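Just so you know, these numbers come straight off a predicted model, no measurement behind them. Each chain gets a letter, A, B and so on, in the order its sequence line appears, and its residues count up from 1.
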Amino acid sequence: MRYSEMHLPTGREIPSDAEVVSNQLMIRAGMIRKLTSGIYSYLPMGYRVIRKVEQIIREEMNKAGAQEVHLPMVQPAELWQESGRWTFYGKELLRFRDRNDRDYCLGPTHEEVITDLVRHDIKTYRQLPCNLYQIQTKFRDEVRPRFGVMRCREFGMKDAYSFDADEAGAEKSYEKMFAAYNNIFRRCGLKFRPVEADSGSIGGSFSHEFMVMAESGEDAIVFCEKCNYAANLEKAEIAKPDADADKQKDQLAMESVETPDVRTIDEVSAFLNVSPEQIVKTLIFSADGKPCAVLIRGDHEVNEIKVRNYLGAAELELADDEMIMKATGAPRGFAGAVGIKTRVIADYSIMNLVNMVTGANKENYHLKNVNMGRDFQVESFADLRVSQPGDACPRCGGLIKFVRGIEVGHVFKLGTKYSKAMKAVYLDRDGKEKTMIMGCYGIGIGRTVAASIEQNFDQDGIIWPMPLAPFTVIVTPVNIKESDVMKASEDIYGELLACGVEVIIDDRDERAGVKFKDADLIGIPLRIVVGSKNLAQGRVELKIRRSGESRLYAVGEVVDEIRKIIAAEMNAADEAPLI
RNA sequence: CGGGGUGUAGCUCAGCUUGGUUUAGAGUGCUUGACUGGGGGUCAAGAGGUCGCAGGUUCGAAUCCUGUCACCCCGACCA
């Protein structure tokens with residue numbers, strides 16, 4: 001490719017509405033342009049990188065036995081009504097009508113379409129397992145798109161769906177995809193790790209997210225330094241503590257104290273001069289419209305996902321003032337377990353507490369020396385809180401650490417949620433009708449590209465890992481008006497092309513400084529600089545983008561050297577150990 | 001949906017508080033020419049704007065008022 005002929009509009013200014021570095025650099029490097037909120041165009045440079053990621057995905061998916069298909073983006077309402085998601089999915093599903101007034105939506109995901117496809121064509125266990133995937137545009141009408149292509153409304157996604165005859169088969173399909181995903185992200189040159197994730201309201205048994213480590217990531221990840229436990233914060237388990245019967249011996253008599261307008265943990269702690277660990281927070285939740293009290297130690301936070309999962313509720317939110325008043329007989333801020341008129345569940349954190357401080361279910365009063373069993377009963381204890389620094393690993397007891405990550409992939413055991421609702425069945429060996437067991441597996445393509453930039457940049461611009469680079473080499477003639485410089489540049493360019501290297505020659509009539517800045521910005525891994533001084537001695541300069549290192553080579557040797565470097569780096573990306 | 005902010009040249013922004021000396025500006029980018037040629041070079045000449053849109057107040061509105069749209073940020077919500 002000739003730079004002079006390429007549509008590659010680079011920019012010096014940081015766009016005013018770009019927050020994260022990947023978004024800023026993708027715009028400045030001429031990769032993308034925003035059309036409207038959450039909707040982006042890819043320019044040639046950006047699309048080349050997209051296709052690199054897609055190609056790696058294709059190769060690994062095919063290797064894992066999946067087959068590529070292409071499903072429609074416009075989907076009829078009937079399918080979604082059949083699965084129940086037409087009402088369930090909410091506003092993220094963009095709905096519209098055609099000229100005959102029929103309801104449609106833009107596909108945010110394709111479980112319905114693929115299940116419909118498979119149920120028509122797969123009739124027997126002999127056709128199973130089956131794993132189909134596609135790389136296609138999704139539309140999700142996000143409440144708040146942000147961070148450029150990282151969280152946008154229209155985006156490219158690879159989604160795969162597996163169909164199996166039984167649990168064991170489904171497990172195998174899941175493991176294959178898990179392995180394929182490891183290969184994909186490793187080959188993309190990303191620092192990532194798979195983490196346990198919440199299976200959410202879909203209710204599958206198992207789910208992993210593939211997280212790219214980055215400070216700007218929207219997800220918090222918990223991992224253990226000793227063992228390989230890693231989980232999304234919303235999923236991170238906390239081990240059940242041992243019961244400590246001894247402590248219960250020192251129970252004091254319960255007393256009521258007046259605490260005028262003292263509501264929050266901090267206020268109670270200061271007013272009564274007790275530490276937050278001694279106070280029990282009593283949160284009233286509305287679980288599918290019914291109140292439920294959740295007890296937790298004052299210095300901890302409730303993990304609403306855990307509560308929702310524990311209660312098996314479809315919808316969970318903090319109760320409104322009216323429900324609180326009805327359940328506790330007091331306004332917000334004075335709830336307590338003693339005498340409360342709701343179910344009461346408690347986090348493990350209060351299991352061994354004695355002489356607790358709680359609300360009195362009476363305005364402007366709290367209770368001191370409250371004790372479980374004696375003063376109130378708990379329906380059950382469970383892990384309901386958010387993991388925090390200092391917690392022990394739930395697997396090995398080691399210390400856990402926190403990092404932030406970008407979710408680039410998600411593998412999911414679906415079970416029979418869709419196959420059952422949509423009657424995707426087959427006949428087994430005995431001629432009996434059985435429901436297929438599904439799994440689904442997604443990768444955000446644009447997000448993977450953005451995540452790569454979040455991990456690979458410096459003050460000059462992007463630093464592509466070789467497997468994703470839009471071009472591997474850029475040939476930079478310092479001055480195109482010098483014919484010997486141009487001739488040598490063209491020769492090297494031609495040679496690289498001839499041996500299949502993706503190369504761009506910067507044949508623009510620009511000053512060297514401009515070319516260097518642009519080459520750095522767009523992040524080409526290897527740069528060959530052809531200038532008259534070195535050329536007079538038969539040499540050219542090879543500069544490595546990532547290290548900044550530069551070496552001189554004889555004109556006749558530089559192509560060989562480059563081939564060696566490329567081979568070594570691509571190999572390293574293929575064989576990099578998992579972290 | 002709640003809160004906050006911003007809309008002026010392709011891009012980044014000034015001007016608005018206190019309406020009229022600004023014929024709407026700067027930097028950068030773009031065009032042309034000359035010089036220059038290893039880290040966004042210099043000089044000169046130029047093109048480019050119904051100041052988001054619609055009303056209103058006024059002799060007079062980029063500037064004040066009302067409405068509206070778009071975009072961004074924080075939160076809530078949600079795969």
Side-chain angles (χ1 to χ4, degrees), chain A residues 9-20 23-24 27-28 30 33-40 85 88-94 107-111 138-148 151-153 155 157 159 197-204 207 209 218-219 232 234-235 304-305 308 314-318 320 407-412 414 417 440-444 447 459-461 476-482 485-486 489 506 508-522 527-536 539-541 543 545 548 550 552:
Chain A
T10 57
R12 197 192 311 225
E13 312 265 10
I14 296 170
S16 59
D17 57 359
E19 189 74 1
V20 294
N23 191 211
Q24 294 171 355
I27 293 167
R28 287 188 53 209
R33 290 291 181 260
K34 184 170 74 180
L35 179 62
T36 183
S37 179
I39 299 181
Y40 289 82
R85 283 161 116 190
F88 186 75
Y89 208 98
K91 286 189 181 167
E92 262 181 47
L93 188 64
L94 183 66
T109 173
H110 282 70
E111 282 84 3
K138 300 279 186 274
F139 193 94
R140 295 181 184 175
D141 200 355
E142 285 278 346
V143 191
R144 189 144 99 79
R146 61 184 134 178
F147 304 149
R151 182 174 208 83
C152 49
R153 299 195 291 172
F155 60 98
M157 184 176 181
D159 47 326
D198 178 55
S199 42
S201 46
I202 300 182
S207 164
E209 290 166 341
E218 289 188 274
D219 289 283
N232 192 311
E234 58 187 40
K235 167 79 175 175
E304 294 194 18
I305 291 166
R308 176 168 35 204
E315 262 186 64
L316 185 86
E317 54 186 1
L318 276 171
D320 56 22
E407 180 194 343
V408 290
H410 200 163
V411 292
F412 215 109
L414 277 179
K417 180 181 163 81
C440 70
Y441 318 91
I443 293 177
R447 192 182 275 188
Q459 70 279 3
D460 292 319
T476 307
V478 165
N479 185 343
I480 65 163
K481 294 199 176 104
E482 294 168 341
V485 165
M486 247 354 246
S489 300
D506 194 346
R508 295 175 300 167
D509 184 11
E510 290 285 354
R511 311 195 115 232
V514 173
K515 296 187 183 188
F516 293 156
K517 286 286 182 192
D518 275 334
D520 286 347
L521 178 61
I522 62 184
R527 185 172 86 205
I528 300 172
V529 183
V530 184
S532 53
K533 280 182 209 133
N534 284 324
L535 195 59
R539 294 196 287 199
V540 293
E541 176 189 342
K543 182 147 185 168
R545 174 69 180 88
S550 101
L552 293 174

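Residue A:G531 is in base contact, counting any heavy-atom pair closer than 4.0 Å across all strands shown. A:K543 comes within contact range of at least one nucleobase, with a heavy-atom separation under 4.0 Å. As judged by a 4.0 angstrom heavy-atom cut-off over every strand, A:P15 is placed among residues touching the sugar-phosphate backbone only. A:R28 comes within contact range of at least one nucleobase, with a heavy-atom separation under 4.0 Å.
In this structure, A:R447 and A:R151 have side chains that are in contact, with non-hydrogen atoms separated by less than 4.5 Å. Residues A:R545 and A:D460 have side chains in contact (heavy-atom distance under 4.5 Å, counting atoms from C-beta outward). Within the 4.5 Å cutoff, no side-chain heavy atoms of A:K543 are placed close to those of A:F516. Using a 4.5 Å heavy-atom threshold, the side chains of A:K515 and A:V478 count as separate. Taking 4.5 Å as the limit, every side-chain heavy atom of A:R85 sits out of range of all side-chain heavy atoms of A:L93. Proximity of A:C440 to A:E111: side-chain heavy atoms (C-beta onward) are separated by under 4.5 Å at one or more points. When side chains are defined from C-beta on, A:M157 does not count as touching A:I443, because their heavy atoms never get closer than 4.5 Å.
Stem regions for RNA chain B, each three or more consecutive Watson-Crick or G-U pairs with both distances under 3.5 Å and listed by first number, read B:1-7 with B:69-75, B:10-13 with B:25-28, B:30-35 with B:41-46, B:52-56 with B:64-68.
Closest-nucleotide positions on RNA chain B for A:E209 and A:D518 were compared, and the one nearer the 5' end corresponds to A:D518.
With both ends at atom P, the span from B:G29 to B:G40 equals 12 Å, rounded to whole Å. The gap from the C1' atom of B:A45 to that of B:A61 amounts to 34 Å, rounded to the nearest Å. For the C1' atom pair drawn from B:U42 and B:U28, the interatomic distance equals 16 Å after rounding to whole Å. A distance of about 33 Å separates the C1' atoms of B:U21 and B:G67, rounded to the whole Å. To the nearest whole angstrom, the two C1' atoms, one in B:A62 and one in B:C1, are 33 Å apart. The P atoms of B:A44 and B:A26 are separated by 14 Å, rounded to the nearest whole Å. Comparing the C1' positions of B:A9 and B:G49 gives a spacing of 6 Å, expressed to the nearest Å. Between B:U23 and B:A70, the two P atoms lie 36 Å apart (nearest whole Å).
Across the protein-nucleic acid pair, A:E234 atom CD and B:A79 atom P stand 10 Å apart, rounded to whole Å. Look at CD1 on A:I14: it is 10 Å from C1' on B:U12, rounded to the nearest Å. Taking atom CZ on A:R12 and atom C1' on B:U28, their separation rounds to 7 Å, with Å as the unit. Rounding to whole angstrom units, CD1 of residue A:I522 and C1' of B:G40 are separated by 14 Å. Between A:K517 atom NZ and B:G29 atom C1' there is a gap of 17 Å when expressed in whole angstrom units. Counting to the nearest Å, the C1' atom of B:A79 and the CZ atom of A:F412 are 9 Å from each other. Straight-line distance from the CZ atom of A:R33 to the P atom of B:C71: 18 Å, rounded to whole Å. A straight line from CG of A:D506 to C1' of B:G40 spans 13 Å, rounded to a whole angstrom.
Taking 4.0 Å as the cut-off between side-chain N and carboxylate O, A:E19 and A:R146 do not count as a salt-bridged pair. For the pair A:K235 and A:E209, the salt-bridge criterion is not met [side-chain N within less than 4.0 Å of a carboxylate O].
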Output a table of nitrogen or oxygen pairs between the protein and nucleotides 43-48 of chain B separated by less than 3.5 Å.
none

Could I get a table of every N or O pair under 3.5 Å where one atom is in the protein and the other is in nucleotides 35-37 of chain B?
| residue | atom | partner | partner atom | Å |
| --- | --- | --- | --- | --- |
| B:U36 | O2' | A:R511 | NH2 | 3.1 |
| B:U36 | O2 | A:R511 | NH2 | 2.8 |
| B:G37 | O4' | A:R511 | NH2 | 3.4 |
| B:G37 | O2' | A:N479 | ND2 | 3.4 |
| B:G37 | O6 | A:K481 | NZ | 2.5 |
| B:G37 | N1 | A:K481 | NZ | 3.3 |
| B:G37 | N2 | A:D509 | OD1 | 3.2 |
| B:G37 | N2 | A:E510 | O | 3.3 |

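The side-chain contact (heavy atoms from CB on, under 4.5 Å) test with A:I480 is passed by exactly one of A:D509, A:V485, A:D506: A:D509.
Looking at A:R28, its side chain never comes within 3.5 Å of a backbone N or O of A:T10 through a donor-acceptor pair. Side-chain N or O atoms of A:R153 include none that pairs as donor or acceptor with a backbone N or O of A:I39 at under 3.5 Å. A:Q24 places a side-chain N or O within donor-acceptor distance of the main-chain N or O of A:A18, the cut-off being under 3.5 Å.
For A:K138, the salt bridge (Lys or Arg N to Asp or Glu O under 4.0 Å) partners are A:D159, not counting sequence neighbours. With sequence neighbours excluded, the residues forming a ring pair (Phe, Tyr, Trp, His ring centres under 6.0 Å) with A:Y89 are A:W80, listed by chain and number.
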Along nucleotides 72-78 of chain B, 5' to 3', which nucleotides get a B, which get an S, and which get a -, given that the test is a protein heavy-atom distance under 4.0 Å?
SSBBBBB
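Counting distance only, with no hydrogens placed and no angle test, the side-chain atoms of A:D460 and the base atoms of B:G39 include no donor-acceptor pair under 3.5 Å.
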Just do the side-chain contact (heavy atoms from CB on, under 4.5 Å) check on A:D17 and A:K34 with the steps written out, would you?
CA-CA 10 Å; A:D17 57 359; A:K34 184 170 74 180; 2.8 Å; yes
